[in-house]
Protein chains: 2
Amino acid sequence: MVSQQVSALERMLDSGNFSSGCPTRVVLDHVMSRWGVLILVALSDRPTRWGELRRVVDGISEKMLAQTLRTLEADGFVHREVTASIPPRVDYSLTGSGGELVERLLPLVDWVTEHAPAIVGRS
Amino acid sequence: MVSQQVSALERMLDSGNFSSGCPTRVVLDHVMSRWGVLILVALSDRPTRWGELRRVVDGISEKMLAQTLRTLEADGFVHREVTASIPPRVDYSLTGSGGELVERLLPLVDWVTEHAPAIVGRS
DNA sequence: CGGGATCCATACTGATACTG
DNA sequence: CAGTATCAGTATGGATCCCG
């Protein structure tokens, strides 16, 4: 099934969906942001600690890691669990909602991973 | 099938995949950009003209529309067809590669569209 | 170890004007 | 109609320092 019954274009035009500032656009901006995707994919396997995320998401600044995690937490995609110890420990994991989202994100990321070399190579 | 055989986290750590500046990251940034997603989804239905894209992708500036289209064209996801007439006419459509990509993009966008109101509502 | 606060550079936006 | 060019204002991201 390549297409959908009601075309995406129709839905974008009708009913104010996809209008600037609508809920869909807001969430899409969070999820599809440069770092949002990578963090969600990194969490798809298992709960991960702050420092581990920082290493695995190559190139992210501490600011953007914190900011993106807070946004994803506010959206209900990521759960933050603090263990009060010395040294302190914070684990991040996907919520049920986050899991559903990542389930739909991985096929896309996998496809890009597979085809990207050929694409960039010929630019 | 919620998960994959080899965890995404492992793949992010191993083999320099997902390292900053790698082809996957570059293409991902193009596709997952604020406007990239919306333009690709808008084109999923049928070839679309410049002016129509401008209207359907609410809030985009002419500058970003032109820039994003050029990037997606360079990546081989979008085809640009000029009809030399008066008035001039330019149609944009998905390439085969772009179609495969959008096929994996739509389930994600659909899921977000369905769940976004509840998410933003409780923030 | 897990952040918060701050400052600076860049990227994006919006408006306007101009072209083939 | 389908763009390109330019400029000024703003949002976003990165680097660094600091703290519990």
Side-chain angles (χ1 to χ4, degrees), chain A residues 9 18-22 25-40 42-43 46-75 78-93, chain B residues 18-22 25-40 42-43 46-75 78-93 123:
Chain A
L9 205 150
F18 287 92
S19 62
S20 183
C22 76
R25 287 277 293 268
V26 171
V27 174
L28 224 44
D29 279 357
H30 298 169
V31 172
M32 311 296 266
S33 69
R34 188 209 303 285
W35 303 118
V37 186
L38 296 175
I39 291 177
L40 287 169
L43 291 176
R46 55 176 169 80
T48 309
R49 299 183 60 178
W50 164 276
E52 206 171 356
L53 279 176
R54 188 156 163 36
R55 281 190 302 279
V56 90
V57 182
D58 190 53
I60 195 171
S61 66
E62 296 190 345
K63 178 182 175 178
M64 288 314 296
L65 179 55
Q67 185 175 306
T68 308
L69 281 172
R70 263 185 276 118
T71 303
L72 294 176
E73 192 191 356
D75 287 346
V78 166
H79 173 68
R80 180 173 188 268
E81 184 157 16
V82 181
T83 306
S85 60
I86 299 178
R89 174 194 179 99
V90 182
D91 283 279
Y92 294 90
S93 57
Chain B
F18 288 92
S19 61
S20 184
C22 76
R25 288 276 293 266
V26 171
V27 174
L28 224 42
D29 279 357
H30 297 171
V31 172
M32 311 297 264
S33 69
R34 189 210 300 285
W35 303 119
V37 186
L38 295 175
I39 291 177
L40 287 169
L43 291 176
R46 54 177 171 78
T48 309
R49 298 180 62 176
W50 164 275
E52 205 171 359
L53 277 176
R54 188 156 164 35
R55 280 191 303 278
V56 89
V57 182
D58 189 53
I60 196 172
S61 65
E62 295 191 344
K63 182 178 175 181
M64 288 315 296
L65 179 56
Q67 185 175 307
T68 308
L69 280 171
R70 263 185 275 117
T71 302
L72 293 176
E73 192 190 357
D75 287 346
V78 166
H79 174 67
R80 180 173 187 270
E81 184 157 17
V82 182
T83 306
S85 59
I86 297 179
R89 173 193 180 101
V90 182
D91 284 280
Y92 293 91
S93 57
S123 74

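Letters go in sequence order (proteins before strands), and every chain restarts at 1. Only a predicted model underlies this, so the values are computations on that prediction, with no experimental measurement involved. No hydrogens, no waters, no symmetry mates; every other heavy atom, side chains included, goes into these values.
- A:F18 approaches B:D58 most closely through the heavy-atom pair O-CB, 4.1 Å.
- Taking atom CD1 of A:I60 as the reference point, atom C1' of D:dG13 lies 10 Å away to the nearest angstrom.
- Considering A:L69, A:L40, A:V57 in turn, A:V57 is the only one that fulfils the side-chain contact (heavy atoms from CB on, under 4.5 Å) rule with A:W35.
- Between B:R34 and the phosphate of C:dA11, there is no side-chain N or O to OP1/OP2 separation shorter than 4.0 Å.
- In this structure, B:W35 reaches the C:dT13 phosphate: one of its side-chain N or O atoms is under 4.0 Å from OP1 or OP2.
- Contacts of B:G59 with the nucleic acid, taken as non-hydrogen atoms under 4.0 Å apart, involve only primed sugar atoms and P, OP1 or OP2.
- Smallest separation of non-hydrogen atoms from A:T48 and A:R46: OG1-O, 2.9 Å.
- Between B:P88 and B:R70, the residue anchored closer to the 5' end of DNA chain D is B:P88, taking for each the nucleotide with the nearest heavy atom.
- Nucleotide C:dG3 holds its C1' atom 13 Å from the CG atom of A:L53, rounded to whole Å.
- Nearest heavy-atom pair across B:S85 and B:P87 is OG-O, 2.8 Å.
- Note on A:R54: nothing from the nucleic acid sits closer than 4.0 angstrom, heavy atoms only.
- Taking every side-chain heavy atom of A:M64 into account, D:dG13 is the closest of D:dG13, C:dG4, D:dC1.
- If you take CG of B:D58 and P of C:dT13, they are 13 Å apart, rounded to a whole angstrom.
- Residue A:W50 contributes atom CH2, which lies 18 Å from atom P of D:dG20 at whole-angstrom precision.
- Of the listed nucleotides (C:dG2, D:dA2, C:dT13), D:dA2 has the atom at the smallest distance from the side chain of B:R49.
- Rounded to a whole Å, the CZ atom of A:R80 is 16 Å from the P atom of C:dC1.
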(message) For DNA chain D, please output the secondary structure as dot-bracket, reading 5' to 3'. Pairs are Watson-Crick or G-U wobble, both atom distances under 3.5 Å; mark crossing pairs with [ ], other-strand partners with |, unpaired with a dot.
(response) ||||||||||||||||||||
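- Straight-line distance from the CZ atom of B:R89 to the C1' atom of D:dC1: 11 Å, rounded to whole Å.
- Per the geometry, CG belonging to B:L65 stands 14 Å off P belonging to C:dC12, to the nearest Å.
- Atom C1' of nucleotide D:dT12 and atom CG of B:D29 are separated by 14 Å, given to the nearest angstrom.
- Ranking C:dT13, C:dG3, C:dC1 by closeness to the B:S61 side chain, first place goes to C:dT13.
- Annotation: of the two residues near DNA chain C, A:L69 and A:K63, the 5′-most nearest-nucleotide partner is A:L69.
- Taking every heavy atom of both residues into account, A:D91 and A:R49 meet most closely at OD1-CG, 3.4 Å.
- Put simply, the side chain of A:L43 reaches to within 4.5 Å of the side chain of A:V78, judged on heavy atoms.
- Taking all atoms of both residues into account, the shortest heavy-atom contact from A:R34 to B:D29 is NH1-OD2, 2.5 Å.
- At C:dT13, none of the side-chain N or O atoms of B:Q67 fall inside 4.0 Å of OP1 or OP2 (strictly under the cut-off).
- Shown here for A:L53 and A:A42, the closest heavy-atom pair between the two residues is CD2-CB, 3.9 Å.
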